[in-house]
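Note sheet for the following structure.
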Amino acid sequence: MKLSYHGHSIISIETNNGVRLMFDPFITGNELTDLKLSEVETDYLLITHGHNDHVGDMLPIAKKTGATVIAIPEIIHFATKNGVENVHPMNIGGTYSFPFGRVKMVHAQHSSGYELGDEMIYMGSPAGFILEIEGQTIYHAGDTSEFGDMGLLGELFGIDIAFLPIGDNFTMGPEEAVRASQRLKAKKVIPIHYNTFPVIQQEPMDFINLLPNGVGQVLAIGETIEL
Ligand code: NI
Ligand code: MN
C-alpha cells in the first residue's frame with residue numbers, strides 16, 4: 001500500500017486494492033499542505049478529534065466525494081447534522097472490520113471541541129486509530145500527550161508504523177515522542193503535527209536523531225512511501 005504525508009496531521013493511504021483513506025483533512029487554512037481541496041478524492045475520512053485543524057475540510061470533502069466518515073459519535077452527529085450521508089461511528093476501544101481492513105479507535109490524551117463563530121461545539125473525546133491493512137499495522141496517534149498505555153498498545157499490536165505528533169505546545173514534543181516511540185516499539189516512526197503554526201515549530205531531524213538508527217523517518221510534504 002502507499003502512505004502519503006500532506007502536512008500537519010493529514011495522512012492518506014491507498015491500499016493495494018485501490019481503497020483510499022485520509023486522516024484529518026485540514027486543507028483550508030493550512031499553508032503547508034500540498035493538497036488542493038477541489039482535487040481531493042477519498043473513500044474514507046478518519047477524524048481523530050474535533051479541533052478545527054483536524055476536522056478541517058471534512059464536510060465539503062465528504063459531501064462532494066461521498067466518503068464515509070469514521071469518527072467518534074459526537075463528530076458523526078456534527079457531520080450528519082451538516083449534510084454528510086455516509087458515516088461510521090466508533091468509540092474508544094472498539095474495533096470494526098471494514099472492507100479495506102480493521103480499524104481500532106484508541107485513547108488520546110487531549111481535548112476536543114469545534115470552534116464555529118463564537119460557539120465551541122462539543123465533539124466528544126479525542127482519539128487515535130490503529131489500522132490493520134494488508135498485513136501492516138499503522139497507528140495514527142491524533143493529538144496527544146505521551147501516556148503510559150502506549151506500552152499496552154505496543155504489546156497488543158505489533159505496530160509497523162506510527163505517526164506521532166512532535167510539535168509540542170498542543171501535543172507532546174520531541175522528547176515525549178521519543179519516550180512514546182519506546183513504549184510503542186513501533187518499527188518505524190514518522191513525525192506529524194509540526195511547523196504548521198509558529199508555536200509548533202520543530203526541526204524534525206532533531207527528533208529523528210534521538211531515535212535508534214533506522215526507526216525515525218521524516219516525510220516531506222507530498223512524499224509517498226510504499227509498505
Ligand atoms: Ni487538537
Ligand atoms: Mn491539532
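Side chains included, hydrogens not; waters and symmetry mates left out as well; all remaining heavy atoms used. Counting starts at 1 for both ligands and their atoms, in listed order. Residue numbers run from 1 in the order of the sequence given.
- Residues Ser12 and His6 bring a donor and an acceptor atom of their side chains to less than 3.5 Å of each other.
- At a cut-off of 2.8 Å, measuring from the Mn ion (ligand 2), the protein N, O or S atoms that fall short of it are Asp53 OD2, His54 NE2, Asp143 OD2, His193 NE2, waters left aside.
- Within the 4.5 Å cutoff, the side chain of Leu184 has heavy atoms near those of the Leu164 side chain.
- Aromatic ring pairs are classed by plane angle as parallel below 30°, tilted from 30° to 60° and perpendicular above 60°; the pair His107 and Phe147 is perpendicular.
- Classified by interplanar angle (parallel below 30°, tilted 30° to 60°, perpendicular above 60°), the ring pair Tyr96/His88 is tilted.
- Classification of the Tyr114-Phe78 ring pair by plane angle, with boundaries at 30° and 60°, yields tilted.
- By the neighbour-count criterion of 12 heavy atoms within 6.0 Å, atom CD of Glu85 is sparsely surrounded, having that number or fewer from other residues, nucleotides or ligands.
- His8 and Phe197 have their aromatic ring centers within a separation under 6.0 angstrom.
- Looking at every heavy atom in both residues, Leu21 comes nearest to Leu131 through CD2-CD2, 3.7 Å.
- Classified by interplanar angle (parallel below 30°, tilted 30° to 60°, perpendicular above 60°), the ring pair His54/His49 is tilted.
- Counting only distances under 2.8 Å, and ignoring water, the protein N, O or S atoms around the Ni ion (ligand 1) are His49 NE2, His51 ND1, His110 NE2, Asp143 OD2.
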